[in-house]
Amino acid sequence: MSKRLLFINPRPKTDVNLGTDVSFMNIPPMSFGYLAACTPSDWEIKVIDENLKRYNGEDADLVCFTSVTNNAPRVYELAFMFKEKGITTIMGGIHASMMPDEASRFVDTVVVGEGEKVWPKIISDFEKNRLKSYYKGEKASLDKLPIPRRDIYSKKYKNRGLIQTVQTARGCPMDCDFCSVTVFNGGLYRQRPVDDVLDELETLNSKFVFFIDDNILGYGKAAEKRAIDLFKGIIDRGLNIKWGSQASINFVNNDEVLKYASESGCFGMFCGFESLNEESLKGMHKVRNLKEGVSKFKEDIRKFQDSGIGVLGSFIFGNDSDKKDIFKKTSDFIFDSGLDGSQLSILTPFPGTKLYQRLKDENRLTHTDYPNDWVYYDVGHLLFKPKSMTSEELLHGTYDVYKETTSISSSFRRGLVSLMRTKNIYTSATSYLCNRGYGSLFIKKLEKQI
Ligand code: SF4
């Protein structure tokens, strides 16, 4: 009889309690597809994504959880249930990697870092009944990365078949204060060979692709050339896809990058502006944005839009240099710049980041009943004492910007502006959906705190 492996992506408890339907934003966790591709073929594999359906008692020989910080308490709750049944549990993902000792109190095995290379050894050790408590993943070359198994994902994803996710690179040398990417994936920007990515794109049965890289352009001239080669390859192979990704705003500074991105079907880019306050950018060590300069942000957005690419910009409130005026400044900027979509976050001290350590050292963290309080680490909750405004001002200010910029009428107007500038219906529709989606989710989170 085949052995049964159950992958579970637990749903954060705070999102469950909100009752918000965010299923249109759900994308299958890619890590399961990669691990499945590295699992021997005599294993039967099943995935439960609690964003689609709560776990309801399925049995297995081995259970593997992926984790982000705010779903960690749900991982631990489920792990307890499996322990009672005598089923072995493994936990990987970013939270397990940042808090391995905590995770180890609840699960049998913790995987720290990227899992693919070490996964065959874990499965083999399990089969020989000698599973260890910890395994360390390698930040290895991405040259031989397998194609993730997409057949394991549920047909219940609302966007399944509509949007597929592909990863082309990992790692970031920038090390921003609030971000754990550099600790998790390393400071070296590692790229898959262009032909491997193009081969994978050819296997997809979807017109829409989201490249889940943290920065598809990468860092340095060689990386820019590789991005251009990738975009040209999409055109040359006639893949005819529409795609989006994430990049720094300096993406627009290379005309060739912009031209081939647009011609290869790029219609949206997620860019971390993070703040319109240069002092805050300095505090976050957001070096790229400082170099670009806040005064150039509007021009950069327009360059994207003139190439038919919409911009989803993220902003973070609550930096030590942020005063009350940051809220009006940001909502004015969102409207004046014609920014297609916006995501507004409250500065969140994720474990493993420099920000977390600093706030802890300064005794400013307010939600430290771990692991229970990890549920609030979701960029929609205030978790520390702000420096240059009160907690109430920070919560109300964030709420007001969301209300103003993502109401039905504002989202509709922003969608229209997006259509006029990009002449791209996909961009305009994404602008409307993202603004409404982020708005309704975060407004509910904020309303519970004010
Ligand atoms: S926020 Fe972006 S640029 Fe900064 S460290 Fe994280 S991935 Fe790199």
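Remember, it's 1-based here, ligands and their atoms both numbered in the order they're listed.
The nearest protein atom to atom 6 (Fe) of ligand 1, hydrogens excluded, is given as Cys179 SG, 2.4 Å; this is a heavy-atom distance. Scanning the protein for heavy atoms near atom 8 (Fe) of ligand 1, the closest one is Cys172 SG, 2.2 Å.
Taking the centre of each ring, Phe32 and Tyr153 stay at or above the 6.0 Å mark.
Heavy atoms from other residues, nucleotides or ligands lying under 6.0 Å from NZ of Lys291 number 12 at most.
Using a 30° and 60° split on the angle between ring planes, Tyr402 and Phe442 fall in the parallel class, below 30°. Using bins of under 30°, 30° to 60° and over 60° for the plane-to-plane angle, the ring pair Tyr356/Tyr370 lands in the tilted bin.
Taking backbone and side chain together, Cys176 holds an N, O or S atom under 2.8 Å from atom 4 (Fe) of ligand 1.
Heavy-atom proximity to Asp175, at under 4.0 Å, picks out these atoms of ligand 1: 5 (S).
The heavy atom nearest to atom 1 (S) of ligand 1, considering only Arg288, Lys286, His285, Met174, is found in Lys286.
Using a distance-only test at 3.5 Å, with no hydrogens or angles considered, a donor-acceptor pair links the side chain of Thr398 to the main chain of Leu394.
If you look at Thr182 next to ligand 1, the close heavy atoms, those under 4.0 Å, all belong to the side chain.
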